[in-house]
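Counting starts at 1 for both ligands and their atoms, following the listed order. Values below: every heavy atom of this structure, side chains too, minus hydrogens, waters and symmetry copies.
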Amino acid sequence: MPEIPIHSPLLGANQAKAQLLRDRFQAQGIRVLNLISSPGAGKTTLLEKTITALAEKTKKVAVIEGDIATARDAERIAKTGAAAVQINTHGACHLDAGMIEKALGAFEEDVELLFIENVGNLVCPAEFDLGEEAKVAILSVTEGADKPAKYPLVFLQSRVVIISKIDLLPHLDLDYDAMIQDIRSINPSIEIFPLSAKTGEGMDAWLDWLRK
Ligand code: MG
Ligand code: ZN
């Protein structure tokens with residue numbers, strides 16, 4: 001049966017715009033990471049701790065926060081001293097390259113590292129290129145071991161996966177090894193960083209990766 005390519009014109013236009021953004025980021029020397037997870041995996045908390053740790057080595061960090069509603073996450077990030085811009089998608093469940101292009105006007109030119117916190121959703125954010133250097137998936141241990149197998153695209157497309165909230169592992173019946181095995185079978189070259197932003201365990205490996 002022939003498949004109807006519902007997505008392709010929309011994704012094609014996004015891809016073209018994302019490539020222009022990627023060229024622009026490269027020319028300006030800005031490294032861009034696109035953070036993708038379901039709601040509540042701990043993206044904003046991870047960013048708060050990450051930015052605070054990186055600030056000791058004076059990296060210029062900026063964050064674009066994508067949410068359906070509210071400026072709460074950008075307000076949290078602004079308290080770390082990083083430049084933060086909130087995008088409200090008003091219902092849309094992902095960011096696209098056009099939204100990023102508009103948000104860029106708010107930043108000074110000396111940004112070295114730009115985090116894009118995508119809308120909390122494991123599905124379509126994986127399909128929309130934002131001109132990033134790499135996608136970073138965040139999966140909390142409370143979500144269940146079956147999520148990588150059920151939502152493979154984001155794990156296939158990401159260069160890194162952060163397993164968050166590992167301080168909670170003693171309280172959970174999670175088959176951790178099976179979850180990691182599923183991630184590796186989807187994407188054998190993905191880098192895996194288990195960590196707790198709350199206790200700081202595992203943060204160093206992630207920070208080392210960022211500094212490289
Ligand atoms: Mg958030
Ligand atoms: Zn969407």
Side-chain angles (χ1 to χ4, degrees), residues 4-18 21 32-54 61-103 106 113-132 134-143 147 150-158 160-168 193 195-198 203 206 210:
I4 302 165
I6 296 169
H7 270 335
S8 52
L10 183 66
L11 285 174
N14 183 73
Q15 191 65 47
K17 200 165 267 185
L21 284 177
V32 182
L33 298 175
N34 179 3
L35 275 56
I36 300 175
S37 80
S38 49
K43 293 185 294 303
T44 313
T45 302
L46 175 71
L47 281 177
E48 287 173 316
K49 299 290 171 96
T50 300
I51 291 164
T52 306
L54 289 176
V61 180
V63 179
I64 293 176
E65 283 288 344
D67 279 296
I68 289 173
T70 83
R72 289 182 188 190
D73 284 358
E75 286 161 9
R76 285 173 61 187
I77 295 298
K79 285 182 188 155
T80 67
V85 173
Q86 183 79 49
I87 297 174
N88 279 150
T89 61
H90 303 291
C93 49
H94 59 269
L95 295 175
D96 64 36
M99 296 176 194
I100 301 304
E101 188 182 23
K102 282 186 200 133
L113 179 60
L114 171 63
F115 292 106
I116 300 171
E117 182 182 330
N118 219 309
V119 178
N121 173 4
L122 277 182
V123 188
C124 46
E127 295 181 35
F128 284 81
D129 188 353
L130 304 180
E132 72 275 345
K135 290 182 175 70
V136 175
I138 298 153
L139 178 67
S140 75
V141 294
T142 55
E143 291 172 60
K147 294 307 172 291
K150 284 185 176 177
Y151 302 94
L153 187 63
V154 62
F155 298 94
L156 181 67
Q157 299 232 330
S158 294
V160 167
V161 57
I162 287 170
I163 312 293
S164 64
K165 309 190 188 182
I166 58 166
D167 54 296
L168 296 177
F193 298 121
L195 60 81
S196 165
K198 186 179 173 186
M203 283 291 289
W206 157 242
L210 280 176

Practice problem: Compare all side-chain heavy atoms of L114 with those of I64 and state whether any distance is below 4.5 angstrom. | Solution: yes
Quiz item: side-chain hydrogen bond (donor to acceptor under 3.5 Å, both in side chains) between S140 and K165: does it pass, once the steps are laid out?
Solution: CA-CA 6 Å; S140 75; K165 309 190 188 182; 4.7 Å; no
Quiz item: Looking at the Mg ion (ligand 1), which N/O/S atom of E117 is the nearest one?
Solution: OE2
Quiz item: Between SG of C124 and ND1 of H94, what angle is found at the Zn ion (ligand 2), rounded to 10 degrees?
Solution: 110°
Exercise. Determine whether V161 and I163 make a side-chain contact, defined as any pair of heavy atoms from C-beta on separated by less than 4.5 Å.
Key: yes
Quiz item: In D73, what N, O or S atom is nearest to the Mg ion (ligand 1), if we give its atom name?
Solution: OD2
Practice problem: Scan side-chain atoms only and decide if Q86 and D67 contain a donor-acceptor pair under the 3.5 Å cut-off. | Solution: yes
